[in-house]
Amino acid sequence: MIGKSASTARSAGLLHLAVATFAVAAVAVVCTGSSRGAEASSIGDGAYPGSPPAFVTPAGGSAQVRPNAFGGSTTTLLRSNGSVFAIRESDDRGRPMSTVFNLDDGTGIEVDADYGEQAAGASPAFLTRTPRGHRNARRFLASCGADDENPSSFKWFSTLNWYWVASSTPGYLDRTNTLASLRNGHTEWVNNVTWCSTIPDVSSFNTLYQGTISAVFGQNGYNTIGWGSVADLHLSACPSGTIACTNTWFSGITATESDTRFDDTGIATWFNGAALGKYDVHSTMAHELGHSAGFGHVACYSNVMCQTRRTNDVSDRQLGKGDANENNAKY
Ligand SMILES: [Zn+2]
């Protein structure tokens with residue numbers, strides 16, 4: 001299954017590229033001025049087109065820190081005029097989960113970092129929980145459970161046309177199966193595939209696979225998905241230990257581009273399916289696309305947008321109650 005409107009693929013793609021190109025041009029113009037340049041002048045975060053400015057309090061501004069629902073903290077950086085420059089949600093270990101920058105020109109970027117499970121952070125209840133009716137030991141946890149929702153400020157108003165950086169795929173992954181996994185991860189949100197049989201698909205969210213590409217990560221008019229070193233992105237918002245990092249650019253409330261990089265440096269081992277110690281490509285794609293679509297992290301573990309990725313688990317191949325409901329609500 002692919003997008004709902006395959007017949008309009010070509011025109012939608014051209015429209016998307018036109019919009020994205022305009023967004024790039026707009027940012028470039030602002031960079032010649034003073035506002036964004038000033039924010040990024042200290043320690044530039046990232047080293048690619050459209051990379052975010054440093055997460056530092058603007059001159060004359062202030063920072064507010066308060067506890068959040070993840071056992072961590074939310075840090076809000078305000079400009080001197082009181083407007084919000086950036087917000088960072090950190091988890092109970094102080095790791096950034098989501099960082100949103102609102103630039104002076106009305107554009108912005110959200111950077112989402114995802115981490116794998118670690119024994120020290122997994123509760124005994126989590127490890128021994130009995131899967132729903134399954135005899136094997138896989139921890140099927142995404143389910144028709146809690147209605148946890150956390151929509152971001154932006155959404156797509158046209159088809160999200162995406163490309164696969166096929167050449168970046170780790171050699172140990174079967175290419176055919178990997179592409180199927182990436183496409184199926186998209187289908188979940190496009191068709192609102194959910195554990196909850198009573199939730200219909202009334203979401204108009206649509207994506208369409210455009211083929212392979214060799215484009216580099218960054219704001220270049222192409223929505224790309226591939227593998228690489230997340231550390232090489234040089235992002236404080238996707239620090240060491242991040243297994244997948246998604247950047248989504250937006251203008252006002254309109255998403256204009258989104259790129260996802262799965263780490264290939266050994267922090268995570270990938271697999272198309274459930275296997276001990278390995279992360280399922282399909283499930284992780286579904287989570288990252290959730291970010292691209294405009295959904296933030298929620299409490300674990302009954303929704304795909306749970307903050308923590310799990311090995312040997314394919315339950316995120318279907319949306320939870322909160323995922324499906326926020327998909328219908330936003331789109
Ligand atoms: Zn995430």
Side-chain angles (χ1 to χ4, degrees), residues 1-21 23 112 114 154-171 173-194 201 203-228 244-250 254-262 264 270-273 279-295 304 314 316-319 323-324 327 330-331:
M1 296 280 267
I2 54 174
K4 290 173 177 173
S5 57
S7 62
T8 62
R10 190 56 54 195
S11 59
L14 293 172
L15 174 62
H16 166 76
L17 291 177
V19 170
T21 301
D112 294 291
D114 290 298
F154 59 83
K155 62 180 283 187
W156 293 81
F157 288 90
S158 57
T159 297
L160 193 174
N161 294 295
W162 62 279
Y163 297 80
W164 174 33
V165 190
S167 59
S168 70
T169 305
L173 280 177
D174 177 274
R175 290 278 185 100
T176 301
N177 291 342
T178 298
L179 176 58
S181 292
L182 298 176
R183 296 179 75 153
N184 288 336
H186 285 72
T187 300
E188 288 191 49
W189 293 93
V190 169
N191 291 350
N192 217 29
V193 180
T194 172
D201 175 20
S203 168
S204 63
F205 179 66
N206 199 19
T207 72
L208 199 58
Y209 176 54
Q210 299 289 313
T212 61
I213 199 170
S214 58
V216 296
F217 189 99
Q219 192 179 30
N220 53 16
Y222 296 97
N223 304 304
T224 63
I225 295 164
W227 277 260
C245 180
T246 291
N247 284 203
T248 305
W249 292 267
F250 55 91
T254 304
T256 54
E257 184 178 336
S258 191
D259 290 348
T260 291
R261 173 172 287 187
F262 299 106
D264 71 351
W270 303 96
F271 188 64
N272 293 299
Y279 294 91
D280 180 37
V281 174
H282 174 163
S283 302
T284 312
M285 183 68 259
H287 178 88
E288 300 308 319
L289 182 63
H291 287 313
S292 298
F295 303 113
V304 167
V314 294
D316 284 357
R317 290 183 171 192
Q318 289 177 243
L319 303 180
D323 303 317
N327 189 20
K330 181 187 280 282
Y331 293 97

**Student:** Do the non-hydrogen side-chain atoms of Glu288 and Thr284 ever get within less than 4.5 Å of each other?
**Tutor:**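 Sidechains of Thr284 and Glu288: in contact.
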**Student:** Are side-chain heavy atoms of Asp259 and Trp249 found at a separation under 4.5 Å?
**Tutor:**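 Yes, their side chains come closer than 4.5 Å.
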**Student:** Only one of Thr178, Thr176, Asp174 clears side chain to side chain donor-acceptor pair (under 3.5 Å) with Asn272; which?
**Tutor:**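 Single side chain to side chain donor-acceptor pair (under 3.5 Å) partner of Asn272 among Thr178, Thr176, Asp174: Thr178.
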**Student:** Kindly confirm or rule out a cation-pi arrangement of Lys330 over Phe205, judged by NZ or CZ under 6.0 Å from the six-membered ring centre and within 45° of its axis?
**Tutor:**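 Not satisfied by the 6.0 Å and 45° rule.
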**Student:** In chain order, what residues pass the salt bridge (Lys or Arg N to Asp or Glu O under 4.0 Å) check against Asp114, with sequence neighbours excluded?
**Tutor:**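 Asp114 satisfies salt bridge (Lys or Arg N to Asp or Glu O under 4.0 Å) with no other residue.
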**Student:** Would you name the heavy atoms of Asp316 and Val304 that are closest together and state the gap between them?
**Tutor:**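 Result for this residue pair: O-CG2, 3.6 Å.
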**Student:** Nearest 0.5 Å, please: how far is OG1 in Thr260 from CG in Asp112?
**Tutor:**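 Going from the CG atom of Asp112 to the OG1 atom of Thr260 covers 9.0 Å.
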**Student:** Are Asp323 and Thr194 packed together at the side-chain level, in the sense that at least one heavy-atom pair is separated by less than 4.5 angstrom?
**Tutor:**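 The answer is no, as the side chains (C-beta and beyond) never meet within the 4.5 Å cut-off.
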**Student:** Can you see which heavy atom on Val165 is nearest to which on Gly226, and at what distance?
**Tutor:**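 So the minimum-distance heavy-atom pair works out to CB-CA, 4.1 Å.
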**Student:** Say you draw a straight line from CH2 of Trp189 to CG of Asn327; how long is it, rounded to the nearest 0.5 Å?
**Tutor:**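 The CH2 atom of Trp189 sits 5.5 Å away from the CG atom of Asn327.
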**Student:** Please report the closest heavy-atom contact between Thr246 and Ser258, naming both atoms and the distance.
**Tutor:**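 Answer, listing the atom of Thr246 first, then Ser258: CG2-OG, 3.6 Å.
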**Student:** Determine whether the aromatic ring centres of Tyr209 and Trp162 lie less than 6.0 Å apart.
**Tutor:**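 Between Tyr209 and Trp162, the centre distance is under 6.0 Å.
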**Student:** What is the distance from atom OG1 of Thr248 to atom CG of Leu289, rounded to the nearest 0.5 Å?
**Tutor:**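 Those atoms lie 9.5 Å apart.
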**Student:** Using the benzene-type ring in the case of Trp, are the ring centres of Phe262 and Trp227 under 6.0 Å apart?
**Tutor:**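 They qualify: ring centres under 6.0 Å apart.
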**Student:** Less than 4.5 Å apart, side chain to side chain, heavy atoms only: is that true for Glu188 and His282?
**Tutor:**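 Yes; the side chains approach each other to less than 4.5 Å.
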**Student:** Please report the C-alpha distance between Leu160 and Asn223 in whole Å, then the side-chain angles of each, then the deciding distance to 0.1 Å, and finally whether the side chain to side chain contact (heavy atoms under 4.5 Å, CB included) criterion is met.
**Tutor:** CA-CA 8 Å; Leu160 193 174; Asn223 304 304; 3.8 Å; yes
**Student:** NE2/His287 to OG/Ser292 distance, rounded to the nearest 0.5 angstrom?
**Tutor:**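 The OG atom of Ser292 is 10.0 Å from NE2 of His287, to the nearest 0.5 Å.
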**Student:** Using only atom types and a distance under 3.5 Å, with no angle test, would you say the side chain of Asp201 pairs donor to acceptor with the backbone of Ser203?
**Tutor:**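 Confirmed, Asp201 side chain pairs with Ser203 backbone.
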**Student:** With heavy-atom distances below 4.5 Å as the criterion, would you say the side chains of Asn220 and Glu257 are in contact?
**Tutor:**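 A side-chain contact exists here, since the closest heavy-atom pair is under 4.5 Å.
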**Student:** About how many Å separate OG of Ser181 and CZ of Phe271, when rounded to the nearest 0.5 Å?
**Tutor:**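 Rounded to the nearest 0.5 Å, the CZ-OG separation comes out at 9.5 Å.
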**Student:** Specify whether Trp270 and Tyr279 have parallel, tilted or perpendicular ring planes, treating 30° as the upper limit for parallel and 60° as the lower limit for perpendicular.
**Tutor:**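 Trp270 and Tyr279: tilted rings.
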**Student:** Show the numbers, then the answer: is there a side chain to side chain contact (heavy atoms under 4.5 Å, CB included) between Ile213 and Tyr222?
**Tutor:** CA-CA 9 Å; Ile213 199 170; Tyr222 296 97; 3.5 Å; yes
**Student:** Any chance you could measure Asn206, atom CG, to Ser158, atom OG, to the nearest 0.5 Å?
**Tutor:**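 So the CG of Asn206 and the OG of Ser158 are separated by 10.0 Å.
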**Student:** Which heavy-atom pair separates Thr224 from Ala215 by the least distance, and what is that distance?
**Tutor:**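 The pair with the smallest heavy-atom distance is CG2-CB, 4.1 Å.
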**Student:** I'd like to know if the side chain of His291 reaches the main chain of Phe295, judged simply by a donor and an acceptor atom lying under 3.5 Å from each other, with no hydrogens or angles considered.
**Tutor:**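 Yes.
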**Student:** Are the aromatic rings of Tyr331 and Trp156 close, with centres under 6.0 Å apart?
**Tutor:**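 Tyr331 vs Trp156: aromatic centres not under 6.0 Å.
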**Student:** Assess whether side chain to side chain contact (heavy atoms under 4.5 Å, CB included) is satisfied between Leu179 and Arg183, documenting all intermediate values.
**Tutor:** CA-CA 6 Å; Leu179 176 58; Arg183 296 179 75 153; 3.9 Å; yes
**Student:** Side-chain contact, heavy-atom cut-off 4.5 Å: Asn184 with Arg317?
**Tutor:**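 Sidechains of Arg317 and Asn184: no contact.
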